[in-house]
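For reference, the structure is listed below as structure tokens.
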Amino acid sequence: MSTPIRITVLISGNGSNLQAVIDKIAAQQLNANIVRVLSNRKDAYGLERARKANIPTQYHNLVKYKKQHPATPEGVQAAREEYDAELARLILVDEPELVVCLGFMHVLSPRFLEPLQAAGVRIINLHPALPGAFNGVAAIERAHAAWMEGKIDKTGVMIHDVISEVDMGKPILVQEIPFQKGRDEDLEMFEKRVHETEWGTVLAGVDMVLKELAAKKQ
Ligand SMILES: Nc1nc2c(c(=O)[nH]1)N[C@@H](CN(C=O)c1ccc(C(=O)N[C@@H](CCC(=O)O)C(=O)O)cc1)CN2
Ligand SMILES: NCC(=O)N[C@@H]1O[C@H](COP(=O)([O-])[O-])[C@@H](O)[C@H]1O
């Protein structure tokens with residue numbers, strides 16, 4: 001294996017997809033080194049998963065920035081931009097080659113995207129929907145509701161490049177998920193099936209990007 005690619009993982013929650021990556025790296029089946037796991041939520045269990053794997057962690061709190069600005073649309077925007085600029089600085093200190101968003105529930109502004117692009121750091125994201133469908137939050141719930149209303153017969157998950165327009169970056173790997181016949185798969189059962197599909201898609205999609213990055217270094 002060539003030198004492992006340095007990756008930073010951004011999370012906000014449970015971290016089951018992060019755990020899949022940690023385990024795959026430990027099994028020496030993913031050529032990566034997670035240099036840091038960063039969360040915008042202090043209680044994200046994924047931070048505990050990282051600590052157990054001896055991976056450096058960071059909690060980056062937006063509230064601290066919001067308190068320094070008026071609670072107006074302009075003030076919130078200014079706080080988010082300062083937050084994003086510092087987020088970029090925190091990440092770039094570790095010199096990652098790739099940033100992987102795995103349930104990171106924060107829309108990244110150009111104040112984050114531009115410094116990383118300038119440093120040649122690629123950013124990818126896991127989204128539990130098909131390209132162009134259910135962009136944003138609660139995609140799993142929205143897809144299930146649309147199926148219950150007879151509007152769709154399949155959904156999916158994808159790994160995609162991150163651009164300013166949320167969930168509209170170039171798809172890297174897409175895995176379709178058909179809905180089961182009848183309308184008796186409840187949201188909990190369906191969500192479990194989606195998460196199980198995600199883990200495999202994340203590992204395959206991240207592996208594709210790692211191989212691309214390694215090839216460029218040769
Ligand atoms: N500029 C981009 N930022 C992010 C992308 C992206 O493609 N472009 N992907 C997301 C992940 N994501 C969906 O996959 C996503 C996460 C969060 C939101 C959102 O609306 N967040 C709200 C806060 C919601 C909450 O706290 O529950 C917000 O930021 O105000 C949309 C899409 C990562 N970022
Ligand atoms: N829009 C982004 C989004 O909805 N991401 C979703 O957050 C969950 C994270 O799970 P995890 O914390 O167990 O990996 C995953 O279902 C992922 O698709």
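Index from 1, following the sequence. Ligands are counted one by one from 1 in listed order, and the atoms in each one are counted from 1 as well.
The proximity of S164 to ligand 1, defined as any non-hydrogen pair under 4.0 Å, is limited to the backbone.
In terms of polar-atom proximity, defined here as any N/O pair under 3.5 Å, D167 makes no such contact with ligand 2. At under 3.5 Å, a nitrogen or oxygen of E198, whether backbone or side chain, sits near a nitrogen or oxygen of ligand 2. Ligand 1 has no N or O atom lying under 3.5 Å from any N or O atom of G136, backbone or side chain. Between V107 and ligand 1, at least one pair of N/O atoms sits closer than 3.5 Å.
Contact analysis leaves M158 out of contact with ligand 1, as no non-hydrogen atom separation drops below 4.0 angstrom. Heavy atoms of I163 come nearer than 4.0 angstrom to ligand 1 in at least one pair.
Atom NZ of K181 has 12 or fewer neighbouring heavy atoms from other residues, nucleotides or ligands inside a 6.0 Å radius.
In terms of modelled atom types and a separation under 3.5 Å, the side chain of Y59 and the main chain of A44 share no donor-acceptor contact.
Of the candidates R80, M168, H160, R80 brings a heavy atom nearest to atom 28 (C) of ligand 1. Of the candidates I124, D167, N125, it is D167 that places a heavy atom closest to atom 6 (C) of ligand 1.
In terms of protein heavy-atom proximity, atom 9 (C) of ligand 2 is closest to G103 CA, 3.7 Å. Atom 2 (C) of ligand 2 has its closest protein heavy atom at M105 SD, 3.8 Å. For atom 10 (O) of ligand 2, the nearest protein heavy atom (residue, atom name, distance) is N17 ND2, 3.7 Å. In terms of protein heavy-atom proximity, atom 12 (O) of ligand 2 is closest to G15 N, 2.7 Å. The protein heavy atom nearest to atom 13 (O) of ligand 2 is S16 OG, 2.5 Å.
With ligand atoms numbered from 1 in the order given, ligand 2 contributes 1 (N) to contacts under 4.0 Å with heavy atoms of G136. Near H127, with a cut-off below 4.0 Å to any heavy atom, the atoms of ligand 2 are 1 (N).
Residues R36 and D94 are paired through a salt bridge, judged by an N-O separation under 4.0 Å between the basic side chain and the carboxylate. Using a cutoff of 4.0 Å between basic side-chain nitrogens and carboxylate oxygens, R193 and E196 are not scored as salt-bridged.
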